[in-house]
Protein chains: 4
Amino acid sequence: MRTKEGNKEQEILEAALRVFAEYGYPNAKVGKIAEIAGVSTGSIYVYYKNKEAIFIEIIERLWAQLVGQLRMIEQRTDITAIEKFDGLIDVLFDAFVDKPFLARAILNEFQEDINITKATYLEDYHEFLSIGKKVFLDGVAEGNFNPNFNVEVIKLFVLGGVRMLLHQWANDPQDLTINLLRQNVKYFCRRGILAQGR
Amino acid sequence: MRTKEGNKEQEILEAALRVFAEYGYPNAKVGKIAEIAGVSTGSIYVYYKNKEAIFIEIIERLWAQLVGQLRMIEQRTDITAIEKFDGLIDVLFDAFVDKPFLARAILNEFQEDINITKATYLEDYHEFLSIGKKVFLDGVAEGNFNPNFNVEVIKLFVLGGVRMLLHQWANDPQDLTINLLRQNVKYFCRRGILAQGR
Amino acid sequence: MRTKEGNKEQEILEAALRVFAEYGYPNAKVGKIAEIAGVSTGSIYVYYKNKEAIFIEIIERLWAQLVGQLRMIEQRTDITAIEKFDGLIDVLFDAFVDKPFLARAILNEFQEDINITKATYLEDYHEFLSIGKKVFLDGVAEGNFNPNFNVEVIKLFVLGGVRMLLHQWANDPQDLTINLLRQNVKYFCRRGILAQGR
Amino acid sequence: MRTKEGNKEQEILEAALRVFAEYGYPNAKVGKIAEIAGVSTGSIYVYYKNKEAIFIEIIERLWAQLVGQLRMIEQRTDITAIEKFDGLIDVLFDAFVDKPFLARAILNEFQEDINITKATYLEDYHEFLSIGKKVFLDGVAEGNFNPNFNVEVIKLFVLGGVRMLLHQWANDPQDLTINLLRQNVKYFCRRGILAQGR
DNA sequence: TATGAATGAGTGTTCATTCAT
DNA sequence: CATGAATGAACACTCATTCAT
């Protein structure tokens, strides 16, 4: 038989990522994904139920990876919550440094085209947010973080801010380096906008 | 401002807003917009070149309105940059308080379906950002804002954070009140995440 | 506006009948129906929900017509059940005399492709059978028909026989004239296969 | 008879029969047949040229069997044509008594999906009809059958009637027993619908 | 202006068949 | 012989847009 070469599934995924990123989910043609993956149209459906399943797989893998990384940071005992928070920011940025395609795809995650009810991919997303929340609360317990914030609000705000920056950067990476973004975000989150002493 | 402000044109716009918000741009049917506007399908094309033009018109009007409001705040001489910054946050939130539809539509603004090259709607969007930047720089000049930030980064970060919160709130407004969001954002931007005195 | 010319619906139906008859339901291409109807593919869907709906419409109309004709015959008081039975046979044959296409289409009525649960078209079909049954029972009451038959069996047998003949004739009408078929069927049903006196 | 009567070939045939019967020819998936036969998809094509060939093989075998049975009856010299005719009816019914699947498959024999020009399976079918015709003509010669019929018509009529009954019974075998059908058909064919003495 | 019937290009998905192993 | 992964042609249906009235 023609043996499953074992990397077609992965190649389809990578091709899909590029196509989703370039055209957006609704305009991403399955045939285009197949072409880029170097595979026939029909083969796509050997590995994935349908277009949506590919998209969901991509998102799931991303969040699973991010959750894994963040969890390692959160469990360390040798650093403060402040440093863990920095780590969280780094995890987000690192995920996209050399994958602007992924950044663009993920930014459209909530597109209405995906039947969100089917998506289990939110699990890891929520887990990520949950760990982030824990880091913050630890910081409050340590006395390092301001206890007056609503954690839900802050975590969404920070996530949204990072997303926006990555989006912009993915579209036009020229003048803003990832590290500049990263540093500014970390510092802003720590000290706010005010001048020291104010 | 458009030359003709007839009833139908406005009703089409409002209907479109609802349909875009409910189904997302790609799944919004022109026929559905016509139905809700109480107009025939063909009439849509009397007033707008195509579906995309309607979308762009909506976005343009939104940003035009926001720019107008922000400009008024920025030109005041009786308040500090800190207060102007708070005003900027308020402008963003106020625009969506009773229009979650609009929030959802605008949040998908960057969907790939829109041929961004055609879109002139970015003008007011960039103008908005530009004024925001000016507020920040004034704050720096006043000595109130930390001069070490890259303004481009901060403005995108804040805008992205606000968007994310509004998105979440639009989808599920139950437990997070707009004012809670607003207060947390303002305070976070001012003081950062750290406890006072740290 | 481009006015609905009022006969497109009918033309689609007639085209569909020909295409169904020629290729069978599963191989009947919607595009082909449109082509023959002198209409665009999309127009098909202006008038009918989908391919199946067209098929069902055809069947429904046929049986509705047959039921109407049979009902008139059945209600007459000036003829015996024997003559009514002859009329039933005639109704069946007449329906197809100049429409061999229809005969072929109807003969595939029970194809598995049609979701029979959705089909209300069976109503008139069953009504037809029901009236046929009544004619038979009247004949029994009159003393003209043999009371020992199971009516259900006979009605299906006769219908199936007529179908088969029409099918054959539709495929190859050359040597068997409709009237020959008709006479033989009537006579066979009346007297059976046996020689008189046996 | 085929040269190779291996296990797999037979199992494929039986599986195909079930799948054709359950889903109808067009919706019968080759993969499903393979699955039920306990064979790989590819193996199907080792034994049969394609899907159609399997179908044709099934039909051919059926008619071959029926012809064999009918021929034996026809050649007997100890019974009259009337009894041979009864035997013909029995042969048809017996073929399906415990194989409603086969009944349903055969009933769709004429589906347009099968390229009839290719089908040699009509040979035995026509042979069957031919023998039936001979039985009838013998009956006429004996003086037992009514000579005024067109044999072609009668044979098709009877065959069609039996088919219809079997079809109905295959779909819903509950209330009509095979033997009831059989008796009614035989009696109807002999005596017709009229009361005795009329 | 206003209409809405008509259009037809465009695409996700299926599945019979092939063929490298 | 047997496999089953790979193929790609085929098709129903959608819907933004047009245009005759």
Side-chain angles (χ1 to χ4, degrees), chain A residues 1-6 8-9 12 26-35 37-54, chain B residues 4 6 8-9 26-35 38-54 113, chain C residues 1-6 8-9 12 26-35 37-54, chain D residues 4 6-9 25-35 38-54 113:
Chain A
M1 63 176 178
R2 284 189 259 184
T3 34
K4 197 182 276 195
E5 288 175 25
K8 283 218 170 98
E9 191 169 356
I12 290 169
N27 290 325
K29 315 304 177 201
V30 173
K32 186 73 180 172
I33 294 174
E35 181 194 327
V39 155
S40 76
T41 312
S43 292
I44 299 284
Y45 292 85
V46 171
Y47 294 94
Y48 298 95
K49 185 173 170 256
N50 54 25
K51 186 179 163 186
E52 185 178 325
I54 305 175
Chain B
K4 203 184 57 55
K8 280 191 181 156
E9 190 171 0
N27 291 325
K29 320 298 180 203
V30 173
K32 186 74 179 173
I33 294 174
E35 181 194 329
V39 156
S40 76
T41 310
S43 292
I44 298 281
Y45 291 85
V46 171
Y47 293 95
Y48 298 95
K49 182 172 173 257
N50 54 25
K51 186 179 163 183
E52 186 177 322
I54 305 175
D113 312 283
Chain C
M1 63 176 179
R2 284 189 260 184
T3 33
K4 196 183 278 195
E5 287 175 27
K8 282 220 170 93
E9 191 168 357
I12 290 169
N27 291 324
K29 316 302 175 201
V30 173
K32 187 73 179 173
I33 295 174
E35 181 194 327
V39 155
S40 76
T41 310
S43 291
I44 299 283
Y45 293 87
V46 171
Y47 294 93
Y48 298 95
K49 184 171 171 259
N50 53 27
K51 187 179 163 184
E52 185 178 323
I54 304 175
Chain D
K4 202 183 57 59
N7 248 339
K8 281 192 181 154
E9 190 170 1
Y25 180 82
N27 292 324
K29 318 299 179 204
V30 173
K32 186 74 178 171
I33 294 174
E35 180 194 329
V39 156
S40 76
T41 311
S43 293
I44 298 281
Y45 291 85
V46 171
Y47 294 94
Y48 298 95
K49 183 171 172 257
N50 53 26
K51 185 179 164 184
E52 186 178 321
I54 305 174
D113 311 286

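In what follows, chains are A, B, ... by sequence order, proteins preceding strands, each numbered from 1. FYI, side chains are in, hydrogens and waters are out, and symmetry mates aren't considered; it's all heavy atoms of this structure.
With rounding to the nearest 0.5 angstrom, the CD atom of D:Glu52 is 5.0 Å from the OH atom of D:Tyr25. Atom NZ of A:Lys8 is separated from atom OG of A:Ser40 by 8.0 Å, given to the nearest 0.5 angstrom. Here A:Ile44 contributes atom CD1 and A:Ile33 contributes atom CD1; the two are 6.0 Å apart, rounded to the nearest 0.5 Å. Rounding to the nearest 0.5 Å places CD of A:Glu9 at 7.5 Å from CD1 of A:Ile12.
In terms of position on DNA chain F, the residue among C:Lys51 and A:Val39 whose nearest nucleotide sits closer to the 5' end is A:Val39. Nearest-nucleotide assignment on DNA chain E puts the 5′-proximal partner with C:Gly38, out of C:Gly38 and A:Gly42. Map A:Ala28 and D:Thr41 each onto its nearest nucleotide of DNA chain E; the residue landing nearer the 5' end is A:Ala28. Toward the 5' end of DNA chain F, the nearer of the two residues A:Ile44 and D:Ser40, judged by each one's closest nucleotide, is D:Ser40.
Here the closest non-hydrogen pair linking C:Val39 and C:Ser43 is CG1-CB, 3.0 Å.
One interatomic measurement links the two molecules: OH of A:Tyr45 to P of E:dT11, which rounds to 12 Å at whole-angstrom precision. For the pair D:Ile54 CD1 and E:dT17 C1', the computed distance is 12 Å after rounding to whole Å. Rounded to whole angstrom, the span from the OH atom of C:Tyr48 across to the P atom of F:dT14 amounts to 17 Å. D:Glu35 has its CD atom 13 Å from the P atom of E:dA16, to the nearest Å. We find that CG of A:Asn27 is positioned 19 Å from P of E:dA9, with the value rounded to whole Å. Note: NZ (C:Lys32) to P (F:dC13) measures 19 Å, nearest angstrom. Protein atom NZ of B:Lys8 is 4 Å distant from nucleotide atom P of E:dT3, rounded to whole Å. Look at NZ on D:Lys49: it is 8 Å from P on E:dT17, rounded to the nearest Å.
With E:dG4, E:dA2, F:dC11 as the candidates, the nucleotide lying closest to the side chain of C:Lys29 is F:dC11. Relative to the side chain of A:Val30, the nucleotides E:dG12, F:dA12, E:dT17 differ in distance, and E:dG12 lies closest. Of all nucleotides listed (F:dA5, E:dT13, E:dT3), F:dA5 comes nearest to the side chain of A:Tyr47. The listed nucleotides are E:dA6, F:dA16, F:dC13; the one nearest the side chain of C:Ser43 is E:dA6. Taking every side-chain heavy atom of D:Asn50 into account, E:dT17 is the closest of F:dA5, E:dT17, F:dC13.
In a base pair of the Watson-Crick type (N1 to N3 plus N6-O4 or O6-N4) or a G-U wobble (N1-O2 and O6-N3), with each distance short of 3.5 Å, E:dT21 is matched with F:dA2. Pairing for F:dC11 goes to E:dG12, judged as Watson-Crick or G-U wobble with the two contacts each under 3.5 Å.
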